[in-house]
Amino acid sequence: MTTPTKSRRPAAWLLWSLATILLWGTWGLVSKVASDGLDAYVNQLLYTVGLAPLMVFVGWTVWKHSPKENPAARKRGVFWAFLTGLLGGLGNLAFFEALVKGGKASIVAPVTALFPMVTVLLAMIFLKERLGRVQWVGLALAFVAIYLLSM
Amino acid sequence: MQLWLGFAVLALVFWGITGVTQKLSTNAISSERSFLWFCWAMVALSAVVLLVARPHAGLAAIVVASSIAGGALNGLGAWTSFRALESGGKASIVISLISLYPLLTVLLAVIILGERLSLLQTTGACLAIAAAILLSLETPPKAP
């Protein structure tokens, strides 16, 4: 009888998550380097240039593999995705401006990473989602963190 | 309040709203299609920005390369985060783990850029990361 051997390879989700930390963590650093010589607007323009190759890849993936969606749902989804991009871009401009105005990468990155506090509040108000005790504690910690980081 | 902090909080608010709009989008279409239209909106916004931006020829190569790399890194990060969720990771664990990314920025900024944080700011950075993780944890479903 053979016993199944447990794989020692790390799970794929863990590797993708660690890659995300590496990519986003480094983004904070390079944004500060860029902000030392660029204004927020030019930074956003060049940022979009950097996004272009990925757009081509994802566009190809969507064309090849994306499931057929209901036209009404698709229209709705595209609307919200486009709005997400516009708001995300405005957020980028504010993030770059914070760095241009002298904010340290080591402080601006943790402050802006607190964006889920706005998401959970909005989800509670508009999507009628319930906040757990843990999230309330997170919200309180977020306010204390912003206060301490501003000192 | 320092001006930079005001802009950082503004970024936090904009990105916070995207947490809701992104959810509304991916409730209706695939994450890939959603990401693609997210990128098209970035292009549209950049076209508007082009009206006020004044790019000039004398920009330092390192600065231009860093900015372009920023777009690639952030976009790829969004893509790898989708892959993490699609490859079987529990959303509460994946998102909490990913919330650690500012820790790397802090480390890199201290080591490479020589930034220094006071004790209070270091405490604030640690609390911010802890808060981001707690906020990302899923809310238990409401009892019937």
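Chain A is the first sequence line, chain B the second, and so forth, proteins listed ahead of strands; every chain is numbered from 1. Source: prediction; values computed, not measured.
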Pick whichever of [options] has the most heavy-atom pairs under 4.5 Å with chain B.
options	answer
Ala109(A), Ala105(A), Gly28(A)	Ala105(A)
Asp36(A), Asn92(A), Leu15(A), Leu18(A)	Asn92(A)
Leu86(A), Thr84(A), Val118(A), Thr26(A)	Thr84(A)
Leu90(A), Val144(A), Asp39(A)	Leu90(A)
Leu121(A), Val58(A), Val100(A), Ile146(A)	Val58(A)
Gly50(A), Gly102(A), Ala12(A)	Gly50(A)

Tell me, out of [options], who's got the most heavy-atom pairs with chain A below 4.5 Å.
options	answer
Pro102(B), Ala78(B), Ala84(B)	Ala84(B)
Leu59(B), Asn74(B), Val20(B)	Asn74(B)
Ala109(B), Ser46(B), Ala72(B), Gly19(B)	Ser46(B)
Ile17(B), Thr21(B), Leu104(B)	Thr21(B)
Thr26(B), Leu50(B), Ile129(B)	Leu50(B)
Val52(B), Leu117(B), Leu10(B)	Leu117(B)

Measure the shortest side-chain to side-chain distance between [X] and [Y] over non-hydrogen atoms and say whether it is less than 4.5 angstrom.
X	Y	answer
Leu46(A)	Val63(B)	no
Met117(A)	Phe143(A)	yes
Val42(A)	Ser67(B)	no
Gln135(A)	Glu129(A)	no
Leu113(B)	Val33(A)	yes
Ile107(A)	Trp4(B)	yes
Leu99(A)	Asn43(A)	no

With only heavy atoms counted, which part of [X] is less than 4.5 Å from chain A, the side chain, the backbone, both or neither?
X	value
Val64(B)	both
Leu24(B)	both
Ser99(B)	neither
Glu115(B)	side chain
Ala65(B)	neither
Trp40(B)	both
Ala60(B)	neither
Ile112(B)	side chain

Check each atom of [X] against the heavy atoms of chain B and say whether the ones under 4.5 Å are side chain, backbone, both or neither.
X	answer
Val120(A)	side chain
Leu149(A)	both
Leu127(A)	side chain
Ser31(A)	neither
Phe57(A)	side chain
Lys32(A)	side chain
Asn70(A)	neither
Leu93(A)	side chain

Minimal non-hydrogen separation, [X] against [Y], with atom names:
X	Y	result
Leu114(A)	Ala128(B)	CD2-O, 3.3 Å
Met55(A)	Cys39(B)	CG-CB, 3.2 Å
Ala11(B)	Thr112(A)	CB-CG2, 3.9 Å
Gln121(B)	Arg116(B)	OE1-O, 4.4 Å
Gly124(B)	Leu148(A)	CA-CB, 3.7 Å
Gly89(A)	Met42(B)	N-CE, 3.5 Å

Inset, instruction - Specify whether Trp15(B) and Phe115(A) have parallel, tilted or perpendicular ring planes, treating 30° as the upper limit for parallel and 60° as the lower limit for perpendicular. - result: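 Answer is perpendicular, since the angle exceeds 60°.
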Legend entry - Greater than 12 external heavy atoms within 6.0 Å of Phe82(B)'s CZ: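 Above 12, so yes.
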Legend entry - Steps toward side-chain contact (heavy atoms from CB on, under 4.5 Å) verdict (Phe38(B), Thr18(B)): CA-CA 10 Å; Phe38(B) 168 90; Thr18(B) 67; 5.8 Å; no
